[in-house]
Amino acid sequence: MPELPEVETTRRGIAPHLTGQRVSDCVIRQPRLRWPIPDLGHLRGRVVQGVRRRAKYLLIDFDHGTLIIHLGMSGSLRVLPCANPPRQHDHFDLCLGKRCLRMHDPRRFGAVLWTDDALQHPRLRGLGPEPLSDAFNGRHLQHHARGRKTAIKNLIMNGSVVVGVGNIYASEALFMAGIHPQRASGRIALPRLERLSDTIKHVLTHAIERGGTTLRDFLNESGEPGYFAQELLVYGRAGEPCRQCGNLILTRQIGQRASAYCPHCQH
DNA sequence: CTAAGGACCTGTCGGC
DNA sequence: TGCCGACAGGTCCTTA
């Protein structure tokens, strides 16, 4: 479900409900996620200092460490009354008085981890720059692209190059930059890589403004959908006409993922 | 080091 | 109506 805009939408939604609040309880119903949810009894009585995001990880800070949450493919977080009955696949509640942060994840690719130093955690250490930071630009892409034959779409979806770019926004950004998703990374000149870093920033920023992309089940912390889906140019549009030239959008497998593109507009 | 492929899960949808 | 395969927003790990 979530790429960076959906995770950021979730962060903005939950932060005001958590920051400054004291944890009253922590209920683990289904510990089985990508890794088992650790014991979180030590959170009882602790106060949430803030909610950050790094890549697609949400970081809930306490004074003695950080709760790391990843939503995987199908995870979501809601803020709701503790008394609301849990549904199937509701994995855990972080209770803050009468309300709780509740994690739901049918496919169980998500994760809940505890660390005393978030940025040094093995899952976060070694990640590339944030796509919306100045550190991510055409030169950065060029540095990683040089000499590599891997498809450019794989390169921008590689978290050690740049974080937060998943299948939807990689497809959209490549279309907007006019670059074929299969193109060998090392054979793209700097101006086009600069264009690509710009379109990545643009599409992510715009999607965040629209509350993310709801394809089938992404809902924000209040249960509302995002509105970026109606602005998608290629993702999920195979067989439909390109909005720019009218040719049919095609799809092909790149790095195990379906990739939609316009054969006329992208080279 | 790069690149490719499988693995981990459940739910939904389309075709027969 | 029911069954069965294909497919889905993401990493992580092993193998070559």
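Residue numbers start from 1 in every chain, and the chains themselves are labelled A, B, ... in the order their sequence lines are given, proteins ahead of strands.
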- Task: Could you please spell out the steps behind the salt bridge (Lys or Arg N to Asp or Glu O under 4.0 Å) verdict for A/Asp25 and A/Arg44?
- Result: CA-CA 5 Å; A/Asp25 200 5; A/Arg44 218 164 282 128; 3.1 Å; yes
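- Looking at A/Asn167, its side chain does come within 3.5 Å of a backbone N or O of A/Ala258 through a donor-acceptor pair.
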- Message: Evaluate A/His64 against A/Trp114 for ring pair (Phe, Tyr, Trp, His ring centres under 6.0 Å), listing each step before the verdict.
- Response: CA-CA 10 Å; A/His64 67 312; A/Trp114 175 259; 4.8 Å; yes
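- Here the nucleotide nearest the side chain of A/Arg257, chosen from B/dC9, B/dA3, C/dG10, is C/dG10.
- For B/dC8, the base is stacked against the aromatic ring of A/Phe109, per a cut-off of 5.5 Å between centres and 30° between planes.
- Phosphate proximity of B/dT2 to A/His144: absent, as no side-chain N or O sits under 4.0 Å from OP1 or OP2.
- The residue A/Arg148 sits close only to the backbone: its heavy atoms come under 4.0 Å of sugar-phosphate atoms, none of a base.
- Among the atoms of the strands shown, none is found under 4.0 Å from any heavy atom of A/Gln253.
- No N or O donor and acceptor, one from the side chain of A/Arg216 and one from the base of B/dT12, sit under 3.5 Å apart.
- Remark: the separation of the P atoms in B/dC9 and C/dT14 is 16 Å, to the nearest Å.
- Note on A/Tyr57: only backbone sugar-phosphate atoms sit closer than 4.0 angstrom, heavy atoms only; bases stay farther off.
- Rounded to an integer number of Å, the gap from CG of A/Asp105 to C1' of C/dG10 is 11 Å.
- In this structure, A/Phe218 does not pack face-to-face on the six-membered ring of C/dG9, missing the 5.5 Å centre cutoff or the 30° plane limit.
- C/dC12 atom C1' lies 12 Å from atom CG of A/Asn158, rounded to whole Å.
- The distance from atom NZ of A/Lys56 to atom P of C/dG10 is 4 Å, rounded to the nearest whole Å.
- Among the protein residues, A/Arg123 comes within range of the sugar-phosphate backbone only, with heavy atoms under 4.0 Å from sugar or phosphate atoms but none that close to a base.
- Taking atom CD1 of A/Ile168 as the reference point, atom P of C/dG9 lies 7 Å away to the nearest angstrom.
- Contact annotation: side chain of A/Arg108 to base of B/dC9, donor-acceptor pair absent below 3.5 Å.
- In this structure a side-chain-to-backbone donor-acceptor pair under 3.5 Å is present from A/Glu6 to A/Thr213.
- Using a 30° and 60° split on the angle between ring planes, A/Tyr261 and A/His180 fall in the tilted class, from 30° to 60°.
- Going from atom CG of A/Leu33 over to atom P of C/dG10 covers 17 Å, rounded to whole Å.
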- Message: Let's test your reading of the pairing rules: Watson-Crick or G-U wobble, both distances under 3.5 Å, then write DNA chain B as a dot-bracket string with ( ), [ ], | and dots.
- Response: .|||||||.|||||||
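- Each of A/Leu204, A/Val165, A/Val203, A/Thr199 was scored for a side chain to side chain contact (heavy atoms under 4.5 Å, CB included) with A/Glu172, with one residue passing: A/Val203.
- B/dA3 sits 24 Å from C/dG9 when the C1' atoms are compared, rounded to a whole Å.
- Taking both residues in full, the closest heavy atoms of A/Phe228 and A/Ala207 are given as CD1-CA, 3.7 Å, listed atom of the first, atom of the second, then distance.
- On the C1' atoms, B/dT12 is 22 Å away from C/dT11, given to the nearest whole Å.
- The side chain of A/Asn167 approaches C/dG10 more closely than any other nucleotide in the set C/dG10, B/dG11, B/dC9.
- Out of B/dG11, B/dG6, B/dC8, the shortest distance to the side chain of A/Gln256 is found at B/dG6.
- Between A/Arg54 and A/Glu130 a salt bridge is recorded (basic side-chain N to carboxylate O distance below 4.0 Å).
- Across the protein-nucleic acid pair, A/Arg107 atom CZ and C/dG10 atom P stand 10 Å apart, rounded to whole Å.
- Atom-to-atom, CH2 of A/Trp35 to P of C/dG10 comes out at 15 Å; the value is rounded to the nearest Å.
- Although no hydrogens or angles enter the test, the distance criterion places no donor-acceptor pair under 3.5 Å between the side chain of A/Gln120 and the main chain of A/Asp117.
- Atom NE2 of A/His70 and atom C1' of B/dC9 are 15 Å apart (whole Å).
- Here A/Ala111 lies out of heavy-atom contact (under 4.0 Å) with every strand.
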